[in-house]
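Notes to accompany the following structure.
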Amino acid sequence: MSGPMALEPGGAEQDTLALRLAQPPVRGDDRTLALRLPGHVPDPEAVSRLAAALADRIGPAVHPYEVAALLEAEGLTAEQIKQRYGHPNLFSLATALYEQVPRSYPEPPPAADPWRPDTLRCLLRGVLFALPGLAYLLTAPLWHPGRHATAPILAGLVSWAWGQALGHRAHLRLTAGRREAARTLLAGAPLGAALATAAAAPLAGPGPVLLAAAAQSLYLAAAGVLLVLARERLLLAALTPLIAGAAVLPWWEPGPLVRAGLPLLALVATLAATGHALRGALATPATTPGGTRPRPLWSLPYGLFGLAAGVLVLLEGRHEPYAVIVLTVSMGPAEWLLYRYRGLSVAALRATATPAGFLLRSAAVLAGCLGAYLLPLLPAAWLTGAAPAPLLLLAATLWTALLLQAFGTAWPPAVICLAAAAVAGLAPALRPSPGPVVLPLCCAAAVLALVTYTLLLLGRPARHV
C-alpha cells in the first residue's frame, strides 16, 4: 500500500496543501472569511474540501494512522485542525477523512498472487510426513519394545520439538542466504539427533530399541534439513526402499534381513541426500554477508509448540492410531491453505472500504480456509474408523496455531497448545479413568482461544500490509 508521498521543495517555501489552504480566500463571501476568525464554529464543509483535495492519497490508506501521517507531512498544525476543521486532534481528523473517502487503489493489481501456493510441493510434503511410518510397518516383527515402548516415543517428541525450533531459526537465516541457513542446520541437526537419542537411552537400555530410537532421531534430523532447504524430491528418492518394501508386503513375506535392510538403506540414502544438499547450499555465496544472527530465544516458542503438538498427537494416537496417519498426511493440504489464507486476506483488503468490513471478510476467509481443511478429514476419519470429533478438533487446533506462527506470532499459540497438552496429559494421573472426552474438550477450548485471538490479531488491516 502506498504511504504518504514526500513533497519536493520549491524554493524558499514548500508548496504544501497546508500553505495553500492558509492563503487568504479568493472569494469575498463572509462565510468563508468567518472561518479564518479564531474561535468561530468551523464550516461543516471544510473536512469535505480537505477530503476531496487529498482523495487520491487517502484512498489507498488501509488505516487512519496512514492518513494521520499524511496530514503531518502536509504540515497541518494542531491549531489549524481545531479552528478550521473542528476536530480536537490529528487522529480525530484523520479518522473522519478515512471514513469519508472510499477505498481506492490507483496502482494496478499484481499480475499474480504473491502468496500463490505450490500445490504439488505441498501435497508432496504431506506424503513425506507420513512415509517414514512404513519403517515401523517393516521392522515391527523384529523388535518388541515391551516396557521400553516409551523410548522411541520420547525420542520422537524431543526430535519434533527440536526440529520445529531449528527449522524456524534456519528460515530466519535464509534471509542472509542459503549458506547461512545451511550452516545453522549443519550445527543444529546432529545436536538434535544426539539429544533425542540421549533422552531415549535411559528408557530403552542397550539393544534393538535403542538402535530404533537412534535411527529414528537421525532420520528426523536429516529429513528436517531437506525440508527446510526445499529438497522434497530428493527426500522422496531416498525413501524409495521403504516404499518398495511396503508395497510388496501384501504378496510377499520378506525375511528379517530384508525387513531390517530396507529401512537401513533408506536411512543411509537420506543421510547421503542431506550431505549433498548441505554441501550445495554451503557453496552458495551469502546474499547478505554478516547479517543479524537471531537469538535462540526467538525460536523457543516454536520448539515448545512442537512439543505440545507432539503430545496432543500422541494422546490421540493412543485411542485412534489411524487418526495419526490421517492427521500426518493432512499437513500438506494444511500448508497449502496457509498460503491461500494469506492470498485471500490480501484480496479482501483490496475489496474492503472500512476496518469493520475487513474484519467481517477476514472472519469469512478464516472460516472458509479452516472448513476446507477439516471437511476432507471427516470421510477420512470414517474410513479409518476414527472418531471424527477428536480428530477434527485436534486438526483445527494445530492449523490455527500454525496460521498464527505464519504471521510471526509464536508465544500465544505455544502457550495455548501447551496448556491443552498439559491438562490432557495429566488427566489420567488425576483421575484413573478420565474417559475419552478429556482430549476433545481440551482441544475445543484451545480452538476457541486460538480462533478468538486470530480474529483479534489478523482481523486488522495493518497485519496484512
| Closest heavy-atom pair and its distance - G75, Q80 | O-OE1, 3.9 Å
| note | Scanning both residues in full, the closest heavy-atom pair of T409 with R463 reads OG1-NH2, 3.5 Å
| message | As an exercise, state the distance from OG1 of T175 to CD of E180, rounded to the nearest 0.5 Å. | response | 9.0 Å
| Heavy-atom side-chain proximity of V326 to E320 below 4.5 angstrom | no
| field | Any donor-acceptor N/O pair, W382 side chain to P388 backbone, under 3.5 Å | value | no
| At their closest point, which heavy atom of L337 faces which heavy atom of C369, and how far apart are they? | CD1-O, 3.6 Å
| said: If you count every heavy atom of other residues, nucleotides or ligands that lies below 6.0 Å from Y322 atom OH, does the total exceed 12? | reply: no
| said: The criterion is ring pair (Phe, Tyr, Trp, His ring centres under 6.0 Å); which residues satisfy it with Y302, sequence neighbours excluded? | reply: H168
| Between the main-chain N or O of A348 and the side-chain N or O of T352, is there a donor-acceptor pair closer than 3.5 Å? | yes
| said: Any side-chain to backbone donor/acceptor pair from Q216 onto P152? Under 3.5 Å, distance only. | reply: yes
| note | Nearest heavy-atom approach of P333 to V329 is CD-O, 3.4 Å
| Would you call K82 and E79 a salt bridge, taking side-chain N to carboxylate O under 4.0 Å as the test? | no
| Quick one: CD on Q405 to CZ on F305, what's the gap to the nearest 0.5 Å? | 5.0 Å
| field | Shortest non-hydrogen separation from L227 to R125 and the atoms involved | value | O-NH1, 3.3 Å
| note | Rounding to 0.5 Å, atoms OG1 (T400) and CG (L366) come to a distance of 6.5 Å
| Which distance, rounded to the nearest 0.5 Å, do you find between the CG of L391 and the SG of C443? | 10.0 Å
| request: Evaluate the ring-ring contact (aromatic ring centres under 6.0 Å, His included) criterion for residues Y65 and H63: first the C-alpha distance (whole Å), next the side-chain angles of each, then the deciding distance (0.1 Å), finally the verdict. | output: CA-CA 5 Å; Y65 289 169; H63 195 277; 4.4 Å; yes
| said: Has S330 got a side-chain atom pairing as donor or acceptor with L327's backbone, closer than 3.5 angstrom? | reply: yes
| task | Give, for atom CG of L50 and atom OH of Y85, the distance between the pair rounded to the nearest 0.5 Å. | result | 4.5 Å
| query | Does the side chain of L338 come within less than 4.5 Å of W399's, by heavy atoms? | reply | yes
| query | Would you say the side-chain atoms of H276 pair up with the backbone N or O of A272, donor to acceptor, closer than 3.5 Å? | reply | no
| said: Quick check: do L166 and L191 have side-chain heavy atoms less than 4.5 Å from each other? | reply: no
| Can you tell me how far CG of L229 sits from CG of L234, rounded to the nearest 0.5 angstrom? | 10.0 Å
| task | Taking all non-hydrogen atoms of both residues into account, name the closest pair between A193 and L218 and its distance. | result | CB-CD2, 4.1 Å
| Has Y339 got more than 12 heavy atoms of other residues, nucleotides or ligands less than 6.0 Å from its OH? | no
